[in-house]
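Here the structure is a predicted model, which means the values were calculated and not measured.
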Amino acid sequence: MVIKVENLVKRYGDLIAVDHLSLEVQQGEIFGLLGPNGSGKTTLINCILALLKYDKGNISIFGKPMRPDAYDIKRDIGVIMQNVAVFNELTVYENIDYFCGLYVKDKAERKRLVEEAIEFVGLNDFRSFYPKKLSGGLLRRLNIACGIAHKPKLIILDEPTVAVDPQSRNNILEGIVRLNKQGATIVYTSHYMEEVEQICTRIMIIDKGRIIATGTKEELKSMINIGEIVSVGSVELNQTQLETIRRLPNASQVEYENHNLTVTFAKGRSNLLNLMDLLRKENVDYGSVYSQLPTLNDVFLEFTGKQLRD
């Protein structure tokens with residue numbers, strides 16, 4: 001067991017930011033932590049890292065109690081937070097060397113680790129650049145290199161792909177999977193559901209400081225009552241036909257806008273076939289038809305609601 005949190009409570013005055021929360025992260029996992037704004041994700045991470053005092057509960061990492069002065073544990077942890085934290089006065093190489101030097105004092109060993117980190121994140125051509133000369137994607141990759149150069153056993157990444165281009169995002173995600181294959185346990189938070197669905201082996205959704213669902217992506221999808229979402233393009237429908245579609249078995253939501261029809265079906269058999277049969281019987285012409293199984297985004301909205309959060 002890499003992380004064990006038992007009955008954690010963290011209050012800010014009358015606000016309960018983390019409410020009797022327990023979790024376990026096993027060795028070798030890529031553990032996804034999801035939640036809307038204000039759900040308690042960052043507070044939970046800061047408690048796990050002993051950066052915040054909490055009101056109740058126990059936290060252990062690598063089987064040892066986690067405390068602010070547990071430097072033997074912290075040496076095996078890498079943290080990459082949402083806000084890039086590098087020194088503008090240092091080059092790419094110097095930044096990675098500085099952060100690696102906080103954990104590794106032997107110069108020869110540190111040089112080897114810094115070179116490996118530069119190679120790993122693909123910054124060979126930028127080693128002498130200062131951060132202000134780097135693009136957003138390169139800066140994120142530098143931030144990751146600074147956090148993982150000392151070869152931590154546990155890596156916590158909090159929104160590492162915010163505001164980067166698709167190519168850089170793909171590079172970062174591939175790097176996270178490689179780190180995991182090399183033996184690191186990963187805790188990953190993101191607002192990009194497709195990222196979590198792509199790389200995480202197990203996922204926890206929290207809201208208002210409480211766990212509302214935990215499991216693999218397949219297990220989470222099985223918890224909601226969405227069977228499939230069918231989209232039909234270039235279709236002309238009148239109100240009577242729309243009402244007929246709404247009465248189809250398992251049709252839970254019907255949306256029609258700009259000649260595009262979207263029907264959300266609950267779990268059941270022959271949903272797509274029933275809709276196509278109805279359109280043919282009504283002599284309705286249509287263009288493209290696309291059937292999509294529920295995504296992690298559907299699961300997230302089902303559990304946390306669709307209203308906007310601050």
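At distances below 3.5 Å, at least one donor-acceptor pair connects side-chain atoms of T216 with backbone N or O atoms of E219. Looking at R141, its side chain never comes within 3.5 Å of a backbone N or O of L123 through a donor-acceptor pair. Checked by atom type and distance alone, the side chain of N58 never pairs as donor or acceptor with a backbone atom of E6 at under 3.5 Å. Formation of a donor-acceptor pair under 3.5 Å by the S270 side chain with backbone atoms of L273 is not found in this model. Remark: the backbone N or O of T91 is paired with a side-chain donor or acceptor of E94 at under 3.5 angstrom. Judged by distance alone, the side chain of N95 and the main-chain N or O of L90 form a donor-acceptor pair under 3.5 Å. Using a distance-only test at 3.5 Å, with no hydrogens or angles considered, no donor-acceptor pair links the side chain of D207 to the main chain of I212. Of the possible donor and acceptor atoms, none in the side chain of K208 sits under 3.5 Å from a partner among the backbone N and O of A17.
For S39 against I206, the heavy-atom pair with the smallest separation is CB-O, 3.5 Å. L49 approaches M66 most closely through the heavy-atom pair O-CE, 3.6 Å. Shown here for P152 and I77, the closest heavy-atom pair between the two residues is CB-C, 3.6 Å. Residues V164 and G137 share a closest heavy-atom pair of CG1-CA, 4.0 Å. Listed here is the closest heavy atom pair of S252 and A266: OG-N, 4.2 Å. Taking both residues in full, the closest heavy atoms of S291 and V230 are given as OG-CG2, 4.2 Å, listed atom of the first, atom of the second, then distance.
A donor-acceptor contact under 3.5 angstrom links the side chains of E195 and T161, judged on distance only. Residues Y192 and R169 bring a donor and an acceptor atom of their side chains to less than 3.5 Å of each other. A side-chain donor-acceptor contact under 3.5 Å links E174 and N170. With 3.5 Å as the limit, one finds a donor-acceptor pair spanning the side chains of S168 and D165. Using modelled atom types and a 3.5 Å distance limit, the side chains of H150 and D76 yield no donor-acceptor pair.
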Donor-acceptor list for residues 27-35 side chains, cut-off 3.5 Å, not counting sequence neighbours:
residue	atom	partner	partner atom	Å
E29	OE1	Q26	N	2.7
E29	OE1	R202	NH2	3.0
E29	OE2	R202	NE	2.6
E29	OE2	R202	NH2	3.4

Please report, to 0.1 Å, the donor-acceptor pairs under 3.5 Å made by any side chain of residues 237-246, with sequence neighbours excluded.
residue	atom	partner	partner atom	Å
N238	OD1	T240	N	3.1
N238	OD1	Q241	N	2.7
Q239	NE2	E243	OE2	3.3
Q241	OE1	N238	N	2.9
E243	OE2	R246	NH1	3.1
T244	OG1	T240	O	3.0

Please list every donor-acceptor pair under 3.5 Å in which a side-chain atom of residues 96-106 meets a protein atom from a residue at least two apart or in another chain.
residue	atom	partner	partner atom	Å
D97	OD1	R110	NE	2.9
K105	NZ	G101	O	3.0
D106	OD2	A108	N	3.3
D106	OD2	E109	N	2.8

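Each of V187, I186, T185 was evaluated against V2; a single residue qualifies, T185, per the side chain to side chain contact (heavy atoms under 4.5 Å, CB included) test.
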Discussion item. If you apply the rule side chain to side chain contact (heavy atoms under 4.5 Å, CB included), what do you find for T214 with I205, and how did you get there?
Written reply: CA-CA 6 Å; T214 297; I205 301 174; over 6 Å; no
Discussion item. Side chain to side chain contact (heavy atoms under 4.5 Å, CB included) for R140 and I172? Distances and angles first, verdict last.
Written reply: CA-CA 8 Å; R140 290 281 173 187; I172 290 169; 3.9 Å; yes
Practice prompt. Show your reasoning for whether side chain to side chain contact (heavy atoms under 4.5 Å, CB included) applies to I156 and Y188.
Written response: CA-CA 6 Å; I156 296 177; Y188 188 82; over 6 Å; no
Discussion item. Could you go through D298 and T295, starting from their C-alpha distance and side-chain angles, then the distance that decides it, and tell me whether this counts as side chain to side chain donor-acceptor pair (under 3.5 Å)?
Written reply: CA-CA 5 Å; D298 296 319; T295 64; 3.2 Å; yes
Fill in: Test log, rule side chain to side chain contact (heavy atoms under 4.5 Å, CB included), inputs K4 and I59
CA-CA 6 Å; K4 186 172 184 178; I59 297 174; over 6 Å; no
Practice prompt. Tell me, with the steps shown, if K267 and E228 meet salt bridge (charged side-chain N to carboxylate O under 4.0 Å, His left out).
Written response: CA-CA 7 Å; K267 295 173 183 176; E228 62 184 318; over 6 Å; no
Item to complete: Take N283 and R280 through the test side chain to side chain donor-acceptor pair (under 3.5 Å) and record every step on the way to the result.
Response: CA-CA 5 Å; N283 295 315; R280 281 191 289 270; over 6 Å; no
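A single hydrophobic cluster is not seen to contain both L179 and V79; linkage of ILVMFWY side chains at heavy-atom distances under 4.5 Å, directly or through other members, places them apart. Side-chain heavy atoms closer than 4.5 Å link hydrophobic residues (I, L, V, M, F, W, Y) into clusters, and following such links, possibly through other members, connects I224 to L220. No continuous path of hydrophobic side-chain contacts links Y290 to V263 [ILVMFWY only; heavy atoms under 4.5 Å]. Put simply, L51 and V25 are part of the same group of oily side chains (I, L, V, M, F, W, Y) that touch within less than 4.5 Å, one to the next. Cluster annotation: I61 and Y54 are assigned to the same hydrophobic cluster (Ile/Leu/Val/Met/Phe/Trp/Tyr, side-chain heavy-atom contacts under 4.5 Å, transitive).
Residues in residues 4-23 take part in no ring-ring contact (aromatic ring centres under 6.0 Å, His included) pair, two or more places apart or across chains.
Heavy-atom neighbours of D69 CG from other residues, nucleotides or ligands within 6.0 Å: above the threshold of 12. Around CD of E257, the count of heavy atoms belonging to other residues, nucleotides or ligands within 6.0 Å does not exceed 12. Other residues, nucleotides and ligands contribute over 12 non-hydrogen atoms within 6.0 Å of the NZ atom of K221.
Residues I80 and I148 have side chains in contact (heavy-atom distance under 4.5 Å, counting atoms from C-beta outward). Looking at T262 and V254, their side chains never come closer than 4.5 Å, going by heavy atoms from C-beta outward. Side-chain atoms of E115 and Y93, non-hydrogen and from C-beta on, do get closer than 4.5 Å to each other. Side-chain contact between I229 and F265 is absent, with no heavy-atom pair separated by less than 4.5 Å. For the pair V299 and M223, the minimum side-chain heavy-atom distance is 4.5 Å or more. Proximity of N180 to V177: side-chain heavy atoms (C-beta onward) are nowhere separated by under 4.5 Å. Side-chain contact between L8 and S22 is absent, with no heavy atoms from C-beta onward closer than 4.5 Å. No side-chain heavy atom of L275 sits under 4.5 Å from any side-chain heavy atom of N271.
To the nearest 0.5 Å, atoms OG (S234) and CG (L261) are separated by 11.5 Å.
K217 is linked by a salt bridge (charged side-chain N to carboxylate O under 4.0 Å, His left out) to nothing, counting only residues two or more places apart in sequence or in another chain. Considering only residues two or more places apart in sequence or on other chains, Y286 meets the ring-ring contact (aromatic ring centres under 6.0 Å, His included) condition with none of them.
Using a 4.0 Å cut-off between charged nitrogen and carboxylate oxygen, K41 and D158 do not count as a salt-bridge pair.
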